[in-house]
Amino acid sequence: MDLPVANPGPVRDEGQLLQCPYCDSEAMHKLAQFLLPGLAAVCVDGTTGDLFRSPSVVAVDLRQEMVDYITQRSETFIADTLIESEVEQNADNQMPDDPYEVISIFMDDFSRTKRNIIGHVSGWLLSDSREDKIDDFVQEMDMTRFWPLERREGIAEVLLKNVDCEQNCEKRLLRRDMDRHCVTVCPMRPMKCPFGCDSSFPEHNLEEHCSESLQQHLLKVLQVIHKKGFTADQLNDRALELEKSEDRGKLAKARDARSLTNIVK
Ligand SMILES: [Zn+2]
Ligand SMILES: [Zn+2]
Ligand SMILES: [Zn+2]
């Protein structure tokens with residue numbers, strides 16, 4: 001057994017990842033599980049019939065190569081699928097929607113490039129002894145913690161959350177989470193002013209808007225409170241007066257007309 005335990009595999013790039021309660025982690029765990037037999041298959045196929053190299057000798061290099069390969073494929077995936085769907089309309093050639101399946105395809109492509117001559121013989125690929133060798137090697141890697149699950153999960157997360165938010169909020173997410181993210185939790189989702197002035201802005205600018213437009217918002221609320229008996233000038237003066245009062249901070253914290261009205265009254 002010559003797997004170097006001291007090197008538990010590539011670390012994910014932490015910077016890009018932010019937790020999103022709406023994202024589905026099932027695909028991530030499924031993929032993390034799958035990375036180990038995937039690597040085992042690549043190592044076994046690449047060394048079959050080789051008297052000088054065993055799967056464990058090539059595992060370190062192939063793990064790095066495999067992670068680099070599928071990471072790179074997943075990064076250009078959107079560009080690739082756009083081009084493909086423009087060029088050919090054939091539905092059979094479309095990539096699956098399930099990101100896990102997409103990554104499986106990348107891993108298959110990678111393992112194909114790593115097969116040696118015996119690995120290319122079709123009988124070998126379907127043989128029981130191949131399956132046994134792969135199983136044995138998975139167990140070996142498992143026991144030596146050659147590639148611990150938490151490391152694989154980190155890789156899987158990067159692979160799956162490979163799309164930048166369409167509204168540029170700095171989050172990276174699964175493609176299929178994009179729509180939901182953009183209308184539910186994305187801080188860049190557009191919203192209209194809750195006080196009914198004409199502006200719309202990204203949700204995370206609400207606080208700023210409420211502070212900047214306090215006078216306008218006060219005026220709208222005052223017009224409702226004092227339906228009659230006040231001239232426009234008087235309402236303006238009252239709004240100005242309130243804005244300059246010591247309650248300004250409290251007033252600016254109101255996020256809708258009703259709570260602002262309550263404070264004014
Ligand atoms: Zn999300
Ligand atoms: Zn976003
Ligand atoms: Zn407003």
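Order of listing sets the numbers, starting from 1, for every ligand and every atom in it.
At a threshold of 4.0 Å, the pair K133-D136 does not count as salt-bridged, since none of the basic side-chain nitrogens sits closer than that to a carboxylate oxygen. Salt-bridge formation is not detected for the pair E207/K253: no Lys NZ or Arg NE/NH1/NH2 atom is positioned less than 4.0 Å from an Asp or Glu carboxylate oxygen.
Sorted by chain and number, the protein atoms of type N, O or S within less than 2.8 Å of the Zn ion (ligand 2) are C165 SG, C169 SG, H181 NE2, C186 SG.
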### Task
Using the side-chain hydrogen bond (donor to acceptor under 3.5 Å, both in side chains) rule, take D68 and Q72 through it: C-alpha gap first, then chi angles, then the decisive distance, then the call.
CA-CA 6 Å; D68 289 347; Q72 199 249 328; over 6 Å; no
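Less than 6.0 angstrom separates the ring centroid of H209 from the ring centroid of H217.
Within the protein, the number of N/O/S atoms found under 2.8 Å from the Zn ion (ligand 3) is 4.
Nearest approach of Q33 to P37, heavy atoms of both residues: O-CD, 3.1 Å.
Under a 3.5 Å cut-off, the side chain of S213 and the backbone N or O of C210 do not form any donor-acceptor pair. One N or O on the side chain of Q167 and one on the backbone of C182 form a donor-acceptor pair closer than 3.5 Å. In this structure, the side chain of R63 does not engage the main chain of L39 through any donor-acceptor pair within 3.5 Å.
Judged by a 6.0 Å distance limit and a 45° cone about the ring axis, R255 is not positioned over the six-membered ring of F195.
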